[in-house]
Amino acid sequence: MILHSKISFQTGPEHWHQNYPMAKGDKQSPIEINSKDVRHDTSLSPWHASYDPGAAKTILNNGRTCRVVFDDTFDRSVLRGGPLTGAYRLRQLHLHWGSADDHGSEHVIDGVKYAAELHLVHWNPKHGNFAGALKQPDGVAVVGVFLKVGKTPKPEMKRILEEIDNIKTKGKEAPFQHFDPSILFPKSRDYWTYHGSFTTPPCEECITWILLREPIEVSPDQMARLRSLSKNGENEPMCPLVDNWRPLQPVKGRIVRASFK
Ligand SMILES: NS(=O)(=O)c1ccc(NCc2ccco2)cc1
Ligand SMILES: [Zn+2]
């Protein structure tokens, strides 16, 4: 009798729940924001980021995204206000992007997919550490900024994208200092907010999402740089790091609030 061993690497988002049951939860991210279902909440206050440029440490390619890591050992770079209670510490920022300009963001706004989505990840120090915060519904706050391709790119994105040449392959890390990520924010502070999850396993439902309504612009060349990153390690076959976004998840009756009319 010949045994056919069938090895299937079931790692796609549809299979995550087999190892991470939370991936099939009722508060998963990303979701589509439909303006007709959004509730303008006049009690929502403005959000404030006070970041210390000296907290920036390194930039790395972890094979899934390009991530900038910050010193979060004390209240050095914090996010306050908006839907949040207390100061949340900035831990890292990273991006999700597509293989072409017409898709790449994780959240979708009235059917619009942006070329990329920047996530600034903060955690609530009242829960001791990041690992503890993951287990709490108010443990983490992520600010999402949409990126669209245009002719007046933000010079500040240059800084991140210039470093990309030094972290082309998985596992590569480079120093990344003296960087204040609040320069990446658009003019308007208008945002949507809802309760959701990490968009990668283990998909804990611990995130207060704050999605900025106004996208920032990047140049075609900047998007091409992002797409030049590789998933593979240095001496492995080339595999472009693109389309690292999770498909839309069910809203399951959640209310999305807007800070604006
Ligand atoms: N795309 S995202 O903003 O939801 C996001 C943010 C941070 C992580 N970090 C990885 C992780 C998840 C749980 C513990 O460590 C993963 C995903
Ligand atoms: Zn993300």
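Quick note: numbers below take in every heavy atom, side chains included, and nothing from hydrogens, waters or symmetry partners. Whatever order the structure lists them in is the order used to number ligands and atoms, beginning at 1. Start at 1 with the first residue, then count along the sequence.
The closest approach of H119 to the Zn ion (ligand 2), by N/O/S atoms, is made by ND1.
Between H94 and ligand 1, a contact under 3.5 Å exists for at least one N or O pair. Ligand 1 has an N or O atom lying under 3.5 Å from an N or O atom of H96, backbone or side chain.
The protein non-hydrogen atom at the shortest distance from atom 9 (N) of ligand 1 is R67 NH2, 3.5 Å.
At a 4.0 Å heavy-atom cut-off, ligand 1 does not touch Y20 at all. For S29, no heavy-atom contact with ligand 1 is shorter than 4.0 Å. With a heavy-atom cut-off of 4.0 Å, L134 touches ligand 1 through its side chain alone. Contact annotation for T199 and ligand 1: heavy atoms of both the backbone and the side chain come within less than 4.0 Å of the ligand.
The Zn ion (ligand 2) lies at the vertex of an angle of 100° between the NE2 atom of H96 and the NE2 atom of H94 (rounded to 10°).
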Acceptor/donor pairs from residues 109-121 side chains to any protein atom, 3.5 angstrom cut, sequence neighbours excluded:
{"from": "D110", "atom 1": "OD1", "to": "S35", "atom 2": "N", "distance (Å)": "2.7"}
{"from": "D110", "atom 1": "OD1", "to": "S35", "atom 2": "OG", "distance (Å)": "3.3"}
{"from": "D110", "atom 1": "OD2", "to": "S35", "atom 2": "OG", "distance (Å)": "2.5"}
{"from": "E117", "atom 1": "OE1", "to": "E106", "atom 2": "N", "distance (Å)": "2.8"}
{"from": "E117", "atom 1": "OE1", "to": "H107", "atom 2": "N", "distance (Å)": "2.8"}
{"from": "E117", "atom 1": "OE2", "to": "H107", "atom 2": "ND1", "distance (Å)": "2.8"}
{"from": "E117", "atom 1": "OE2", "to": "H119", "atom 2": "NE2", "distance (Å)": "2.7"}
{"from": "H119", "atom 1": "ND1", "to": "H94", "atom 2": "NE2", "distance (Å)": "3.4"}
{"from": "H119", "atom 1": "ND1", "to": "H96", "atom 2": "NE2", "distance (Å)": "3.1"}

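Electrostatic pairing of E214 and K187 counts as a salt bridge here, judged by a charged N lying under 4.0 Å from a carboxylate O.
Listed for the N124 side chain is no donor-acceptor partner under 3.5 Å among the backbone atoms of H127.
Using cut-offs of 30° and 60° for the angle between ring planes, the W209 and Y194 rings count as parallel.
Between Q28 and the choices E205, K252, Q249, the side-chain hydrogen bond (donor to acceptor under 3.5 Å, both in side chains) rule is met once, by E205.
At a distance under 4.0 Å, no protein heavy atom can be found next to atom 11 (C) of ligand 1.
Annotation for ligand 1: atoms under 4.0 Å from non-hydrogen atoms of P202 are 13 (C). Atom numbering of ligand 1 starts at 1 in the shown order; those under 4.0 Å from a heavy atom of T200 are 16 (C), 17 (C).
Side-chain rings of W47 and F185 approach one another, their centers coming within less than 6.0 Å.
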